[in-house]
Amino acid sequence: MALIDRFLARFVKRGQLTVTYADGSIKSFGQPDAAFTDVAIRFADRSVPGRIVRHPALGAAEAFMDGTLIIERGDVRDLVNLLKGNTPWEDGGGLNPSLPIKLLDTVVHRVDRVNMARRSKKNVAHHYDLSDRLYDLFLDADRQYSCAYFTDPANSLEQAQADKKAHIVAKLAIGPGMRVLDIGCGWGGMALYIHAKTGAEVLGVTLSEEQLKVARRRAEDAGVADKVTFELIDYRALTGRFDRIVSVGMFEHVGPAHYKAFFRKCRELLTDDGVMLLHTIGRMGGPGVTDTFTTKYIFPGGYNPALSEIVRGYEGLKLFPTDIEVLRVHYALTIDHWYDRTVTAKDQIVALYDERFYRMWTFYLAGAAAAFRTGGMVNYQIQLSRSRLTLPLTRDYMIEGERALRG
(Lines give C-alpha, C1' and ligand atoms only; values in the text may rest on other atoms or scores of the structure.)
Protein backbone atom coordinates (compact mmCIF):
# COMPACT_ATOMS: atom_id res chain seq x y z
CA MET A 1 0.00 0.00 0.00
CA ALA A 2 1.36 3.42 -0.96
CA LEU A 3 2.20 5.90 1.80
CA ILE A 4 -0.62 8.22 0.76
CA ASP A 5 -3.12 5.34 1.01
CA ARG A 6 -1.96 4.47 4.51
CA PHE A 7 -2.08 8.13 5.44
CA LEU A 8 -5.65 8.59 4.22
CA ALA A 9 -6.85 5.25 5.61
CA ARG A 10 -5.55 6.32 9.01
CA PHE A 11 -7.16 9.74 9.04
CA VAL A 12 -10.45 9.23 7.20
CA LYS A 13 -12.87 7.01 9.12
CA ARG A 14 -16.12 9.00 9.17
CA GLY A 15 -17.32 10.42 5.88
CA GLN A 16 -16.03 9.20 2.54
CA LEU A 17 -13.11 10.49 0.49
CA THR A 18 -12.70 9.20 -3.07
CA VAL A 19 -9.33 9.78 -4.72
CA THR A 20 -8.50 9.51 -8.40
CA TYR A 21 -4.74 9.19 -8.87
CA ALA A 22 -2.68 10.55 -11.74
CA ASP A 23 -2.48 7.06 -13.28
CA GLY A 24 -6.29 6.84 -13.37
CA SER A 25 -6.72 4.41 -10.45
CA ILE A 26 -9.48 5.22 -7.93
CA LYS A 27 -9.66 4.44 -4.20
CA SER A 28 -12.13 5.34 -1.47
CA PHE A 29 -11.48 5.88 2.23
CA GLY A 30 -13.89 5.98 5.17
CA GLN A 31 -17.62 5.39 5.23
CA PRO A 32 -20.50 7.77 4.46
CA ASP A 33 -21.55 9.71 7.54
CA ALA A 34 -24.36 12.27 7.83
CA ALA A 35 -22.01 14.61 9.73
CA PHE A 36 -19.77 15.03 6.67
CA THR A 37 -20.17 15.77 2.98
CA ASP A 38 -18.62 13.02 0.84
CA VAL A 39 -15.71 14.43 -1.14
CA ALA A 40 -14.02 13.34 -4.35
CA ILE A 41 -10.60 14.66 -5.36
CA ARG A 42 -8.20 14.04 -8.23
CA PHE A 43 -4.42 14.25 -8.25
CA ALA A 44 -3.42 15.72 -11.62
CA ASP A 45 0.28 15.21 -10.99
CA ARG A 46 2.21 12.20 -9.64
CA SER A 47 4.12 14.40 -7.16
CA VAL A 48 1.03 15.43 -5.18
CA PRO A 49 0.76 12.36 -2.88
CA GLY A 50 4.36 12.71 -1.77
CA ARG A 51 3.93 16.44 -1.07
CA ILE A 52 0.89 15.74 1.09
CA VAL A 53 2.51 12.88 3.03
CA ARG A 54 5.62 14.95 3.81
CA HIS A 55 3.74 18.09 4.82
CA PRO A 56 -0.06 17.52 4.90
CA ALA A 57 -1.41 21.07 5.29
CA LEU A 58 1.16 22.90 3.16
CA GLY A 59 1.38 20.15 0.56
CA ALA A 60 -2.39 19.95 0.11
CA ALA A 61 -2.73 23.75 0.10
CA GLU A 62 -0.09 24.33 -2.57
CA ALA A 63 -1.36 21.47 -4.74
CA PHE A 64 -4.88 22.92 -4.49
CA MET A 65 -3.60 26.42 -5.29
CA ASP A 66 -1.61 25.14 -8.27
CA GLY A 67 -4.54 23.16 -9.64
CA THR A 68 -2.86 19.76 -9.24
CA LEU A 69 -5.27 18.75 -6.46
CA ILE A 70 -8.71 19.09 -8.02
CA ILE A 71 -11.90 18.79 -5.99
CA GLU A 72 -14.51 17.06 -8.14
CA ARG A 73 -17.24 16.60 -5.55
CA GLY A 74 -17.78 18.98 -2.64
CA ASP A 75 -15.49 21.98 -2.15
CA VAL A 76 -12.36 22.83 -0.21
CA ARG A 77 -14.34 23.50 2.97
CA ASP A 78 -15.90 20.04 2.73
CA LEU A 79 -12.44 18.51 2.24
CA VAL A 80 -10.91 20.36 5.19
CA ASN A 81 -13.89 19.57 7.44
CA LEU A 82 -13.66 15.88 6.51
CA LEU A 83 -9.98 15.67 7.40
CA LYS A 84 -10.04 17.93 10.46
CA GLY A 85 -13.33 16.54 11.74
CA ASN A 86 -11.81 13.06 11.87
CA THR A 87 -8.95 14.32 14.02
CA PRO A 88 -10.46 16.68 16.65
CA TRP A 89 -8.13 18.41 19.10
CA GLU A 90 -9.78 16.91 22.18
CA ASP A 91 -9.10 13.39 20.90
CA GLY A 92 -5.42 14.11 20.40
CA GLY A 93 -5.77 14.25 16.62
CA GLY A 94 -4.03 16.33 14.02
CA LEU A 95 -2.42 16.08 10.59
CA ASN A 96 1.27 16.53 11.28
CA PRO A 97 4.25 16.85 8.94
CA SER A 98 7.01 14.26 8.93
CA LEU A 99 9.47 14.53 11.84
CA PRO A 100 12.41 16.17 9.98
CA ILE A 101 10.10 18.79 8.44
CA LYS A 102 8.36 19.33 11.78
CA LEU A 103 11.71 19.99 13.47
CA LEU A 104 12.73 22.40 10.71
CA ASP A 105 9.35 24.18 10.92
CA THR A 106 9.78 24.60 14.67
CA VAL A 107 13.18 26.25 14.28
CA VAL A 108 12.02 28.53 11.46
CA HIS A 109 8.86 29.57 13.29
CA ARG A 110 10.64 30.34 16.55
CA VAL A 111 13.09 32.58 14.71
CA ASP A 112 10.25 34.20 12.74
CA ARG A 113 8.29 34.96 15.93
CA VAL A 114 11.02 37.37 17.06
CA ASN A 115 8.95 40.16 15.58
CA MET A 116 11.19 43.21 15.78
CA ALA A 117 9.74 46.68 15.18
CA ARG A 118 11.46 47.01 11.80
CA ARG A 119 9.66 43.86 10.56
CA SER A 120 6.25 44.47 12.11
CA LYS A 121 5.11 47.03 9.53
CA LYS A 122 6.17 44.79 6.63
CA ASN A 123 4.37 41.79 8.12
CA VAL A 124 1.19 43.80 8.65
CA ALA A 125 1.30 45.20 5.12
CA HIS A 126 1.57 41.68 3.66
CA HIS A 127 -2.00 40.97 4.72
CA TYR A 128 -3.85 44.15 5.61
CA ASP A 129 -2.70 46.25 2.66
CA LEU A 130 -4.45 44.00 0.17
CA SER A 131 -7.09 45.64 -2.02
CA ASP A 132 -9.87 47.45 -0.15
CA ARG A 133 -12.26 45.82 -2.56
CA LEU A 134 -11.31 42.33 -1.33
CA TYR A 135 -12.28 43.10 2.26
CA ASP A 136 -15.50 44.79 1.15
CA LEU A 137 -16.48 41.56 -0.59
CA PHE A 138 -16.38 39.27 2.45
CA LEU A 139 -16.45 41.33 5.65
CA ASP A 140 -19.43 43.07 7.24
CA ALA A 141 -20.10 46.71 6.39
CA ASP A 142 -18.05 47.90 9.41
CA ARG A 143 -15.06 45.81 8.29
CA GLN A 144 -14.66 43.92 11.55
CA TYR A 145 -11.86 41.51 10.65
CA SER A 146 -11.93 39.58 13.92
CA CYS A 147 -14.07 37.08 15.78
CA ALA A 148 -17.73 38.09 16.05
CA TYR A 149 -19.91 37.31 19.07
CA PHE A 150 -22.90 35.09 18.38
CA THR A 151 -25.60 35.41 21.04
CA ASP A 152 -27.51 33.13 18.67
CA PRO A 153 -25.73 30.95 16.05
CA ALA A 154 -28.44 31.93 13.56
CA ASN A 155 -27.60 35.65 13.79
CA SER A 156 -26.34 37.52 10.75
CA LEU A 157 -22.68 38.49 10.50
CA GLU A 158 -23.65 42.16 10.91
CA GLN A 159 -25.57 41.44 14.11
CA ALA A 160 -22.81 39.27 15.56
CA GLN A 161 -20.13 41.89 14.87
CA ALA A 162 -22.25 44.64 16.45
CA ASP A 163 -22.75 42.38 19.46
CA LYS A 164 -18.98 41.80 19.65
CA LYS A 165 -18.35 45.52 19.95
CA ALA A 166 -21.05 45.86 22.60
CA HIS A 167 -19.63 42.88 24.52
CA ILE A 168 -16.14 44.41 24.63
CA VAL A 169 -17.17 47.99 25.37
CA ALA A 170 -19.47 46.84 28.21
CA LYS A 171 -16.57 45.01 29.82
CA LEU A 172 -14.43 48.16 29.74
CA ALA A 173 -17.04 50.31 31.51
CA ILE A 174 -16.16 53.35 29.41
CA GLY A 175 -17.65 56.67 30.48
CA PRO A 176 -17.92 60.15 28.94
CA GLY A 177 -14.74 62.18 29.15
CA MET A 178 -12.45 59.16 29.13
CA ARG A 179 -9.49 58.78 26.77
CA VAL A 180 -9.36 55.42 25.04
CA LEU A 181 -6.50 53.85 23.07
CA ASP A 182 -7.27 51.27 20.38
CA ILE A 183 -4.09 49.31 19.59
CA GLY A 184 -4.37 47.75 16.15
CA CYS A 185 -7.47 49.74 15.21
CA GLY A 186 -8.06 48.15 11.82
CA TRP A 187 -10.37 50.23 9.64
CA GLY A 188 -11.63 52.21 12.63
CA GLY A 189 -14.91 50.47 13.41
CA MET A 190 -14.27 49.82 17.10
CA ALA A 191 -12.95 53.34 17.76
CA LEU A 192 -15.93 54.95 16.04
CA TYR A 193 -18.34 52.67 17.91
CA ILE A 194 -16.77 53.56 21.27
CA HIS A 195 -17.14 57.28 20.67
CA ALA A 196 -20.68 56.96 19.32
CA LYS A 197 -21.87 54.89 22.28
CA THR A 198 -19.94 56.47 25.17
CA GLY A 199 -18.75 59.92 24.12
CA ALA A 200 -15.14 59.02 24.93
CA GLU A 201 -12.26 60.37 22.89
CA VAL A 202 -10.39 57.62 21.05
CA LEU A 203 -6.94 57.29 19.50
CA GLY A 204 -6.55 54.37 17.12
CA VAL A 205 -3.10 53.20 16.02
CA THR A 206 -2.20 50.89 13.15
CA LEU A 207 0.79 49.86 11.05
CA SER A 208 -1.29 49.51 7.88
CA GLU A 209 -1.26 52.53 5.60
CA GLU A 210 -4.37 51.32 3.78
CA GLN A 211 -6.31 50.85 7.01
CA LEU A 212 -5.22 54.30 8.19
CA LYS A 213 -6.61 55.98 5.06
CA VAL A 214 -9.99 54.30 5.47
CA ALA A 215 -10.22 54.94 9.22
CA ARG A 216 -9.43 58.65 8.85
CA ARG A 217 -11.92 58.99 6.01
CA ARG A 218 -14.63 57.33 8.09
CA ALA A 219 -13.99 59.69 11.01
CA GLU A 220 -14.17 62.69 8.68
CA ASP A 221 -17.38 61.43 7.08
CA ALA A 222 -18.94 60.93 10.52
CA GLY A 223 -17.95 64.45 11.60
CA VAL A 224 -15.95 63.18 14.59
CA ALA A 225 -12.36 63.55 13.37
CA ASP A 226 -11.63 65.84 16.32
CA LYS A 227 -12.75 63.15 18.79
CA VAL A 228 -11.67 59.95 17.02
CA THR A 229 -8.14 60.18 15.62
CA PHE A 230 -5.94 57.63 13.92
CA GLU A 231 -2.16 57.43 13.63
CA LEU A 232 0.34 55.28 11.75
CA ILE A 233 2.56 54.42 14.69
CA ASP A 234 3.90 51.39 16.50
CA TYR A 235 2.35 51.08 19.98
CA ARG A 236 5.87 50.94 21.42
CA ALA A 237 6.41 54.57 20.39
CA LEU A 238 3.28 55.93 22.09
CA THR A 239 3.33 58.38 24.99
CA GLY A 240 0.61 59.78 27.24
CA ARG A 241 -1.98 58.20 29.54
CA PHE A 242 -5.30 56.58 28.74
CA ASP A 243 -8.24 55.57 30.91
CA ARG A 244 -8.93 52.52 28.79
CA ILE A 245 -7.00 50.44 26.26
CA VAL A 246 -8.60 47.99 23.85
CA SER A 247 -6.77 45.72 21.45
CA VAL A 248 -8.66 43.37 19.15
CA GLY A 249 -6.88 40.97 16.80
CA MET A 250 -3.48 42.64 17.08
CA PHE A 251 -1.73 40.55 19.76
CA GLU A 252 -1.31 37.67 17.29
CA HIS A 253 1.36 39.79 15.58
CA VAL A 254 3.36 40.71 18.70
CA GLY A 255 5.38 37.51 19.15
CA PRO A 256 6.08 35.72 22.48
CA ALA A 257 9.49 37.34 22.83
CA HIS A 258 7.72 40.70 23.17
CA TYR A 259 4.71 39.85 25.35
CA LYS A 260 6.32 41.26 28.48
CA ALA A 261 7.24 44.47 26.66
CA PHE A 262 3.69 44.74 25.29
CA PHE A 263 2.05 44.51 28.70
CA ARG A 264 4.69 46.73 30.32
CA LYS A 265 3.96 49.41 27.71
CA CYS A 266 0.21 49.06 28.22
CA ARG A 267 0.64 49.49 31.98
CA GLU A 268 2.76 52.57 31.36
CA LEU A 269 0.05 54.05 29.11
CA LEU A 270 -2.82 53.37 31.55
CA THR A 271 -3.91 55.88 34.16
CA ASP A 272 -3.72 54.73 37.79
CA ASP A 273 -7.30 53.44 37.60
CA GLY A 274 -7.03 52.39 33.96
CA VAL A 275 -8.39 49.17 32.47
CA MET A 276 -7.43 47.28 29.32
CA LEU A 277 -9.05 44.48 27.35
CA LEU A 278 -7.11 42.17 25.08
CA HIS A 279 -9.02 40.15 22.48
CA THR A 280 -6.81 37.61 20.74
CA ILE A 281 -6.84 34.27 19.00
CA GLY A 282 -5.23 31.71 21.25
CA ARG A 283 -4.40 28.05 21.37
CA MET A 284 -5.66 25.53 23.88
CA GLY A 285 -2.98 23.46 25.54
CA GLY A 286 0.61 24.60 25.67
CA PRO A 287 2.80 26.75 23.41
CA GLY A 288 3.23 25.62 19.82
CA VAL A 289 4.14 26.87 16.36
CA THR A 290 2.14 28.45 13.55
CA ASP A 291 1.43 26.16 10.60
CA THR A 292 3.68 26.78 7.63
CA PHE A 293 0.88 27.57 5.17
CA THR A 294 -0.25 30.48 7.36
CA THR A 295 3.21 31.95 7.90
CA LYS A 296 4.14 31.55 4.23
CA TYR A 297 1.00 32.87 2.59
CA ILE A 298 -1.26 34.63 5.10
CA PHE A 299 0.32 36.07 8.29
CA PRO A 300 4.14 36.14 8.23
CA GLY A 301 5.39 36.58 11.76
CA GLY A 302 1.99 35.67 13.23
CA TYR A 303 1.53 33.44 16.27
CA ASN A 304 -1.51 32.50 18.34
CA PRO A 305 -0.50 32.25 22.00
CA ALA A 306 -1.38 29.71 24.63
CA LEU A 307 -3.11 31.19 27.68
CA SER A 308 -0.02 30.35 29.76
CA GLU A 309 2.12 32.51 27.48
CA ILE A 310 -0.23 35.46 27.84
CA VAL A 311 -0.26 35.10 31.62
CA ARG A 312 3.52 34.96 31.76
CA GLY A 313 3.53 38.17 29.72
CA TYR A 314 1.77 40.23 32.39
CA GLU A 315 2.98 38.40 35.51
CA GLY A 316 5.16 40.56 37.71
CA LEU A 317 3.89 43.84 36.23
CA LYS A 318 1.35 44.62 38.97
CA LEU A 319 -1.65 44.27 36.67
CA PHE A 320 -4.81 42.69 38.07
CA PRO A 321 -6.40 40.02 35.82
CA THR A 322 -10.02 40.99 36.48
CA ASP A 323 -11.75 38.83 33.88
CA ILE A 324 -10.82 36.06 31.43
CA GLU A 325 -13.36 34.72 28.93
CA VAL A 326 -12.89 31.94 26.39
CA LEU A 327 -14.88 32.18 23.15
CA ARG A 328 -14.88 28.68 21.71
CA VAL A 329 -16.80 28.28 18.44
CA HIS A 330 -17.62 31.94 17.76
CA TYR A 331 -14.79 32.36 15.26
CA ALA A 332 -15.80 29.25 13.31
CA LEU A 333 -19.27 30.76 12.89
CA THR A 334 -17.71 34.08 11.87
CA ILE A 335 -15.46 32.54 9.24
CA ASP A 336 -18.33 30.48 7.85
CA HIS A 337 -19.94 33.77 6.85
CA TRP A 338 -16.67 35.05 5.36
CA TYR A 339 -16.23 31.85 3.37
CA ASP A 340 -19.76 31.96 1.97
CA ARG A 341 -19.32 35.60 0.93
CA THR A 342 -15.95 34.82 -0.64
CA VAL A 343 -17.43 32.02 -2.74
CA THR A 344 -20.29 34.27 -3.81
CA ALA A 345 -17.76 36.92 -4.88
CA LYS A 346 -15.47 34.50 -6.75
CA ASP A 347 -15.62 36.33 -10.08
CA GLN A 348 -14.79 39.69 -8.51
CA ILE A 349 -11.88 38.24 -6.49
CA VAL A 350 -10.43 36.46 -9.53
CA ALA A 351 -10.70 39.73 -11.44
CA LEU A 352 -8.81 41.52 -8.62
CA TYR A 353 -6.08 38.88 -8.40
CA ASP A 354 -6.31 35.49 -10.13
CA GLU A 355 -7.61 31.92 -9.70
CA ARG A 356 -4.60 30.90 -7.61
CA PHE A 357 -5.20 33.70 -5.12
CA TYR A 358 -8.88 32.77 -4.89
CA ARG A 359 -8.01 29.13 -4.16
CA MET A 360 -5.44 30.23 -1.57
CA TRP A 361 -7.99 32.47 0.13
CA THR A 362 -10.71 29.80 0.30
CA PHE A 363 -8.18 27.27 1.65
CA TYR A 364 -7.15 29.79 4.31
CA LEU A 365 -10.74 30.46 5.39
CA ALA A 366 -11.74 26.79 5.32
CA GLY A 367 -8.74 25.80 7.42
CA ALA A 368 -9.21 28.64 9.86
CA ALA A 369 -12.88 27.79 10.47
CA ALA A 370 -11.98 24.14 11.06
CA ALA A 371 -9.24 25.15 13.53
CA PHE A 372 -11.92 26.74 15.73
CA ARG A 373 -14.61 24.12 15.11
CA THR A 374 -12.61 20.94 15.75
CA GLY A 375 -9.00 22.09 16.16
CA GLY A 376 -7.14 23.65 19.06
CA MET A 377 -7.93 27.35 18.51
CA VAL A 378 -10.17 29.64 20.57
CA ASN A 379 -10.43 33.36 21.30
CA TYR A 380 -9.41 34.83 24.64
CA GLN A 381 -10.73 38.09 26.08
CA ILE A 382 -8.51 39.14 28.96
CA GLN A 383 -9.29 42.17 31.09
CA LEU A 384 -6.51 43.74 33.16
CA SER A 385 -6.62 46.67 35.58
CA ARG A 386 -4.01 48.73 37.38
CA SER A 387 -6.24 49.01 40.46
CA ARG A 388 -8.13 46.26 42.25
CA LEU A 389 -10.99 48.67 43.00
CA THR A 390 -11.67 50.38 39.65
CA LEU A 391 -14.22 47.88 38.41
CA PRO A 392 -17.33 46.51 40.17
CA LEU A 393 -16.76 43.35 42.19
CA THR A 394 -19.10 41.20 40.12
CA ARG A 395 -19.63 40.73 36.39
CA ASP A 396 -23.22 41.99 36.58
CA TYR A 397 -22.19 45.40 35.26
CA MET A 398 -20.99 43.78 32.03
CA ILE A 399 -24.36 42.16 31.39
CA GLU A 400 -26.26 45.33 32.19
CA GLY A 401 -23.94 47.48 30.09
CA GLU A 402 -24.06 45.11 27.14
CA ARG A 403 -27.84 45.00 27.25
CA ALA A 404 -27.97 48.81 27.22
CA LEU A 405 -25.53 49.05 24.31
CA ARG A 406 -27.44 46.51 22.28
CA GLY A 407 -30.79 48.03 23.31
Side-chain angles (χ1 to χ4, degrees), residues 1-98 101 291-294 297 332 335-336 338-340 342-344 346-347 349-350 354-376:
M1 180 182 285
L3 282 175
I4 187 67
D5 295 342
R6 276 183 271 177
F7 175 85
L8 294 174
R10 176 186 174 192
F11 286 109
V12 182
K13 303 294 186 184
R14 300 173 58 209
Q16 190 168 70
L17 176 66
T18 301
V19 181
T20 301
Y21 293 84
D23 63 4
S25 61
I26 300 174
K27 293 184 181 180
S28 292
F29 304 88
Q31 297 294 327
D33 188 305
F36 299 97
T37 298
D38 291 345
V39 177
I41 62 176
R42 177 163 56 89
F43 298 147
D45 187 281
R46 293 178 183 273
S47 68
V48 175
R51 293 166 66 186
I52 293 174
V53 169
R54 287 191 297 274
H55 209 310
L58 183 63
E62 292 186 330
F64 176 66
M65 290 161 58
D66 294 341
T68 54
L69 189 164
I70 301 164
I71 301 174
E72 299 184 318
R73 184 169 66 247
D75 66 5
V76 67
R77 178 166 60 181
D78 296 325
L79 176 61
V80 170
N81 285 343
L82 178 64
L83 295 172
K84 289 276 193 178
N86 270 276
T87 57
W89 176 84
E90 53 266 43
D91 291 345
L95 304 176
N96 297 312
S98 62
I101 292 177
D291 69 277
T292 306
F293 167 76
T294 300
Y297 290 103
I335 299 170
D336 286 345
W338 294 348
Y339 182 91
D340 290 340
T342 294
V343 171
T344 299
K346 177 182 177 179
D347 291 345
I349 293 173
V350 171
D354 54 28
E355 286 273 358
R356 191 173 191 272
F357 179 91
Y358 172 78
R359 288 194 290 266
M360 178 196 74
W361 203 258
T362 53
F363 189 95
Y364 151 56
L365 293 174
F372 290 90
R373 180 167 283 109
T374 55

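In this chain, numbering begins with 1 at the start of the sequence shown. Values below: every heavy atom of this structure, side chains too, minus hydrogens, waters and symmetry copies.
- In summary, of the residues considered (Tyr364, Phe363, Tyr358), a side-chain contact (heavy atoms from CB on, under 4.5 Å) with Trp361 occurs for Tyr364 alone.
- Annotation: side chain of Pro56 is in contact with side chain of Phe7 (closest heavy-atom distance under 4.5 Å).
- Ile52 CD1 to Ile4 CD1: the interatomic distance, rounded to the nearest 0.5 Å, is 5.0 Å.
- Between the side chain of Asn86 and the backbone N or O of Val12 there is no donor-acceptor pair closer than 3.5 Å.
- In this structure, the separation between CG on Leu365 and OG1 on Thr342 is 5.0 Å, given to the nearest 0.5 Å.
- Rounded to the nearest 0.5 angstrom, Thr344 OG1 and Tyr339 OH are separated by 10.5 Å.
- A 4.5 Å side-chain heavy-atom check between Asp33 and Lys13 finds every atom pair outside the cut-off.
- Phe64 places a side-chain heavy atom less than 4.5 Å from the side chain of Thr362.
- Atom CZ of Arg373 is separated from atom CG of Asp336 by 4.0 Å, given to the nearest 0.5 angstrom.
- In this structure, Phe43 and Pro49 approach most closely via the heavy-atom pair CD1-CG, 3.7 Å.
- Contact annotation: the side chain of Lys346 approaches that of Glu355 to within less than 4.5 Å [non-hydrogen atoms, C-beta and beyond].
- Atom CG of Leu69 and atom CZ of Arg42 lie 10.0 Å apart (nearest 0.5 Å).
- Looking at Asn81 and Thr374, their side chains never come closer than 4.5 Å, going by heavy atoms from C-beta outward.
- The minimum heavy-atom distance linking Ala369 with Ala332 is given by the pair O-CB, 3.6 Å.
- Using a 4.5 Å cut-off on side-chain heavy atoms (C-beta onward), Phe293 and Met360 make contact.
- Shown here for Thr18 and Ser28, the closest heavy-atom pair between the two residues is OG1-OG, 3.1 Å.
- Counting heavy atoms from C-beta outward, Ile71 and Arg359 have side chains that stay 4.5 Å or more apart.
- Put simply, CD on Glu72 and OG1 on Thr20 are 5.5 Å apart, with the number rounded to the nearest 0.5 Å.
- Counting heavy atoms from C-beta outward, Leu82 and Asp78 have side chains that stay 4.5 Å or more apart.
- Salt bridge present: Arg51 and Asp66 bring a charged side-chain N and a carboxylate O closer than 4.0 Å.
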Self-check item: Worked verdict on Leu17 versus Phe11 for side-chain contact (heavy atoms from CB on, under 4.5 Å)
Solution: CA-CA 10 Å; Leu17 176 66; Phe11 286 109; over 6 Å; no

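- The two atoms that bring Gly367 and Val80 nearest to each other are CA-CG1, 3.9 Å, heavy atoms only.
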